[in-house]
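One structure below.
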Amino acid sequence: MHKINIDGQTIEVKPRQEVKPRRHGTTKPTRDDKKTVLEVAKSAGIFIPSLCYYPGLTPYGGCRLCIVQIEGMKGLPTACTTPTEDGMVIKTNTEELQNLRRQVFEFILSEHNKTCTTCAKNLRCELQTLAAYLGVDTLTLPYIEKRPAVYNNEPFFDRDYNLCILCGRCVRVCEEIRKNSAVDFTFRGIDTVPGTMFDLQFTGTGLSNRLQNSDCEFCGACVDICPTGALIEKDFRESAFLDKTVTTICPYCGVGCPIKLEIKDNKIIRTIPDLEGPVNYGQLCVKGRFGIKDFVHHPKRLTKPLTRLTSDGKQLTEFREVSWDEALNLIAEKFSKYKGDEFAVISSAKCTNEENYVIQKFARTIMGTNNIDHCARLCHAPSVAGLAQTLGSGAMTNSINEIADASCIFAIGTNTTSAHPVIGLKIKGAVRNGAKLIVANPRKIDLCRFADIFLQHRPGSDVALLMGIMRIIVDEGLFDREFIETRCENFEVFKESLNNFN
């Protein structure tokens, strides 16, 4: 722990306990375990303007707006890249600093199309916040239009390079946290923009510069992190006057990513990740980020009960709308004719744990049956039985976040980046941290790009592969004898079972 002084305020700085990007496996802390001047100032409620900085990303120092004065240090270092030292005396709000920031800010705005009133980011734009803070209301530099205009040929969001300020956030989040590197800075000088490899639009081939031609997964991380309206969801006009924001859990898979639903006029206008989500830490996959609003408000979605029965029980050829009371009474009447094993329930993985609990409780206590099924029986029954037999519980033995700290990962029977993208993100982060990744799959899945070893075994030969590996471990004495003797049961029976596999 050490002390620094910022604008006359003495602040105790504790050493960094956990580098935040570590949650996604990024191994680029800010030089060492020391917090930066910008981090300490923010935690103390001292505002230092910045545009390229974002929590969780490697400090960049590109926008030059967070410059500060530090006694005994030459020049004006950027607060986001400067680690604190004991006894530092820092000034953040002198007239000299503000004048220089205004000049830098004007250069940024000279390449930014200032149509704020029609911009989807109006009233939420970080440029507007800094313009008010710096007192910039008139510009002396002429506007320079970017060569590329608007790319609206992507499925989920548009790119408007006339609103891009080259903060580099989209490039860095894609490379550091998502581990895809689908975009990077292309061209040079005034023509610089974040784009795809070879930027096909300008090669004369007639092909367009599409993210679909790159490794982009359309996770939306770049949209979430963009400080301006350069990246914005399709068919969306952002409103600063929401009715409410509802925090809930993404229904698509079992990872359980917390999300926030922005509500206006009782409709979801946008889904964004929860930055404090203990599973995803502000990251989502394409389904959670862009797939919820469309199906919730789809015009073909049923909003009222339908039945083919008349009120007196006669059969109809077409469905008719009925009230909820009539529908529930009809269901209760039909259900009352069945008891015990005559009745069965099929639950859904898209329901919450609480909803699945209610449906099994209904089946057992009301209908008197244990005939309850779920899609997890098909894909997870063997793993549940195996885990319960060997470890005592048919569930994960470690938390999702611990994956990023693993030293070796063996992925078999899983297409993780497709089925559970946020967990796939943890695996890719572990690889970046130095973990060895072994993928066993009949298909060459996306995860193979990051694997040290890819075992492409034949479909249905998983057991033979696993037993063969265990046979070698036993034959070559690679197992931990002391652990087995003190912690395990029936090891001799297990060894004997390996004789069937050469």
Side-chain angles (χ1 to χ4, degrees), residues 25 253-256 279 349 353 370 372-502:
C253 75
V255 176
V279 175
N353 288 338
N370 289 322
I372 304 163
D373 208 350
H374 188 280
C375 71
R377 181 180 63 82
L378 176 65
C379 55
H380 290 303
S383 60
V384 169
L387 286 168
Q389 182 177 352
T390 57
L391 299 172
S393 175
M396 288 179 65
T397 56
N398 297 78
S399 68
I400 292 173
N401 289 329
E402 287 179 275
I403 294 173
D405 293 318
S407 57
C408 182
I409 296 173
F410 181 38
I412 182 170
T414 173
N415 187 357
T416 321
T417 55
S418 177
H420 304 98
V422 170
I423 291 183
L425 190 60
K426 310 286 186 181
I427 295 176
K428 291 189 284 186
V431 172
R432 176 158 294 193
N433 283 339
K436 300 297 183 183
L437 174 62
I438 304 167
V439 176
N441 202 298
R443 295 169 51 209
K444 191 173 183 180
I445 60 176
D446 177 70
L447 205 59
C448 295
R449 293 193 294 126
F450 307 89
D452 294 274
I453 299 174
F454 171 39
L455 304 174
Q456 192 168 16
H457 60 290
R458 295 181 179 180
S461 64
D462 302 61
V463 173
L465 171 64
L466 294 172
M467 296 296 280
I469 292 173
M470 289 186 281
R471 170 73 184 265
I472 292 175
I473 291 172
V474 171
D475 287 352
E476 298 187 6
L478 302 176
F479 54 90
D480 187 339
R481 293 181 182 274
E482 182 182 354
F483 181 90
I484 290 173
E485 290 174 358
T486 57
R487 301 291 186 91
C488 299
E489 299 174 349
N490 300 321
F491 182 65
E492 293 303 319
V493 177
F494 163 72
K495 281 179 63 176
E496 187 177 343
S497 71
L498 297 178
N499 294 332
N500 296 322
F501 298 88
N502 59 31

Distance-only criterion, 3.5 Å: show the donor-acceptor pairs between side-chain atoms of residues 440-452 and protein atoms not counting sequence neighbours.
unit_1, atom_1, unit_2, atom_2, d
Asn441, OD1, Arg443, N, 2.9
Asn441, ND2, Thr414, O, 3.4
Asp446, OD1, Arg449, NE, 2.8
Asp446, OD1, Arg449, NH2, 3.1
Asp452, OD2, Leu437, N, 2.9

Review item, side-chain donor-acceptor pairs of residues 381-396, under 3.5 Å, at least two apart:
unit_1, atom_1, unit_2, atom_2, d
Ser383, OG, His380, O, 2.8
Thr390, OG1, Gly386, O, 2.8

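Applying the side chain to side chain donor-acceptor pair (under 3.5 Å) test to every pair with at least one member in residues 479-498, sequence neighbours left out, gives no pairs at all. Each salt bridge (Lys or Arg N to Asp or Glu O under 4.0 Å) pair with one or both residues in residues 384-394, not counting sequence neighbours, would appear here, but there are none.
Rounded to the nearest 0.5 Å, atoms CG (Leu425) and NE2 (His420) are 14.0 Å apart. The structure places CD1 of Ile423 at 4.0 Å from CD1 of Ile400, a figure rounded to the nearest 0.5 Å. Distance CD1/Ile412 to CD1/Ile469: 7.0 Å, rounded to 0.5 Å.
Closest heavy-atom contact between Ile409 and Ala430: CD1-CB, 3.8 Å. The minimum heavy-atom distance between Val279 and Lys426, with the atom names listed, is O-NZ, 3.1 Å. The two residues Ala419 and Cys253 come nearest to each other via the heavy atoms O-CB, 4.0 Å.
Applying the side-chain hydrogen bond (donor to acceptor under 3.5 Å, both in side chains) test to Ser399 and every residue at least two apart in sequence or in another chain returns Glu402. Residues meeting the side-chain hydrogen bond (donor to acceptor under 3.5 Å, both in side chains) test with Asn415, sequence neighbours left out: none. With sequence neighbours excluded, the residues forming a side-chain contact (heavy atoms from CB on, under 4.5 Å) with Ile438 are Cys408, Phe410, Ile453, Leu455, listed by chain and number. Partners of Asp373 under the side-chain hydrogen bond (donor to acceptor under 3.5 Å, both in side chains) rule, at least two apart in sequence or in another chain, are Arg377. In this view, Asp475 and Arg471 satisfy the side-chain hydrogen bond (donor to acceptor under 3.5 Å, both in side chains) rule, not counting sequence neighbours. For Asp462, the salt bridge (charged side-chain N to carboxylate O under 4.0 Å, His left out) test picks out no residue, with sequence neighbours left out. Residues that satisfy the side-chain contact (heavy atoms from CB on, under 4.5 Å) test with Ser461, not counting sequence neighbours, are His457, Arg458. Qualifying ring pair (Phe, Tyr, Trp, His ring centres under 6.0 Å) partners for Phe494, counting only residues two or more places apart in sequence or in other chains: Phe491.
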